[in-house]
Amino acid sequence: INDQIEKDASRVAAKSIIKADEMSRMERVKKTKERAKEMLEEYKDDLSIPLYEESKKQIDNATSDEVLNEKTSRRIVKKQ
């Protein structure tokens, strides 16, 4: 029974860490995109309308990996 409890607890802990990390990551992506749009707005008068509109679209469509500049996948390794 103790082995099963350890396995279950380990699984639950790992899932909760992954979920919390993803929530934190998504909040960071949201704030980063908001700030990028604010910065773009500051230069709006210096940009052509098509360039400004396309830039807004690129910000909106950027993936979380692009926004956070992450190229590697994340994983949790069980502590030995």
Side-chain angles (χ1 to χ4, degrees):
I1 266 186
N2 283 341
D3 280 351
Q4 188 61 44
I5 290 172
E6 280 297 311
K7 287 178 185 176
D8 291 345
S10 177
R11 180 181 43 79
V12 170
K15 283 185 176 185
S16 68
I17 291 168
I18 291 167
K19 193 171 192 175
D21 182 56
E22 185 61 25
M23 291 172 66
S24 172
R25 197 168 182 263
M26 294 313 294
E27 184 61 27
R28 193 168 144 219
V29 167
K30 179 183 171 192
K31 287 181 179 182
T32 302
K33 284 184 174 187
E34 287 171 359
R35 180 62 185 128
K37 287 181 185 179
E38 289 171 3
M39 294 170 82
L40 182 62
E41 198 62 34
E42 293 172 16
Y43 293 98
K44 182 179 182 177
D45 295 336
D46 299 328
L47 304 172
S48 67
I49 292 172
L51 181 58
Y52 172 76
E53 293 298 326
E54 182 60 30
S55 297
K56 277 189 359 183
K57 198 183 311 180
Q58 290 296 318
I59 292 169
D60 288 336
N61 294 332
T63 66
S64 61
D65 285 342
E66 291 169 333
V67 171
L68 301 178
N69 199 25
E70 295 180 355
K71 294 180 175 65
T72 58
S73 62
R74 295 173 168 211
R75 68 179 200 167
I76 295 178
V77 178
K78 187 176 179 183
K79 189 175 178 180
Q80 297 290 334

Value rounded to 0.5 Å, distance of [atom1] in [X] from [atom2] in [Y]:
X: Asn2; Y: Lys7; atom1: CG; atom2: NZ; answer: 12.0 Å
X: Glu54; Y: Gln58; atom1: CD; atom2: CD; answer: 4.5 Å
X: Asn69; Y: Thr32; atom1: CG; atom2: OG1; answer: 11.0 Å

Taking the side chain as everything from C-beta on, heavy atoms only, tell me whether [X] gets closer than 4.5 Å to [Y].
X: Arg11; Y: Lys15; value: yes
X: Glu53; Y: Lys57; value: no
X: Glu22; Y: Lys19; value: no

Is it the case that the side chain of Ser10 and the backbone of Glu6 share a donor-acceptor pair, with hydrogens and angles ignored and the cut-off at 3.5 Å?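 Between the backbone of Glu6 and the side chain of Ser10 there is no qualifying donor-acceptor contact (under 3.5 Å).
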Heavy atoms only: give me the nearest Leu68-Arg25 pair and the separation to one decimal.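 Nearest pair, atom of Leu68 first, then Arg25: CD1-CG, 3.4 Å.
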Can you name the nearest heavy-atom pair linking Lys33 to Val67, along with the distance?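 Residues Lys33 and Val67, closest heavy atoms: CE-CG2, 3.8 Å.
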Hey, can you pull the donor-acceptor pairs under 3.5 Å for the side chains in residues 40-48, sequence neighbours left out?
{"from": "Glu41", "atom 1": "OE1", "to": "Tyr52", "atom 2": "OH", "distance (Å)": "2.5"}
{"from": "Ser48", "atom 1": "OG", "to": "Leu51", "atom 2": "N", "distance (Å)": "3.2"}

Charged N to carboxylate O under 4.0 angstrom, Lys37 versus Glu34?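 Answer for the salt bridge query: no.
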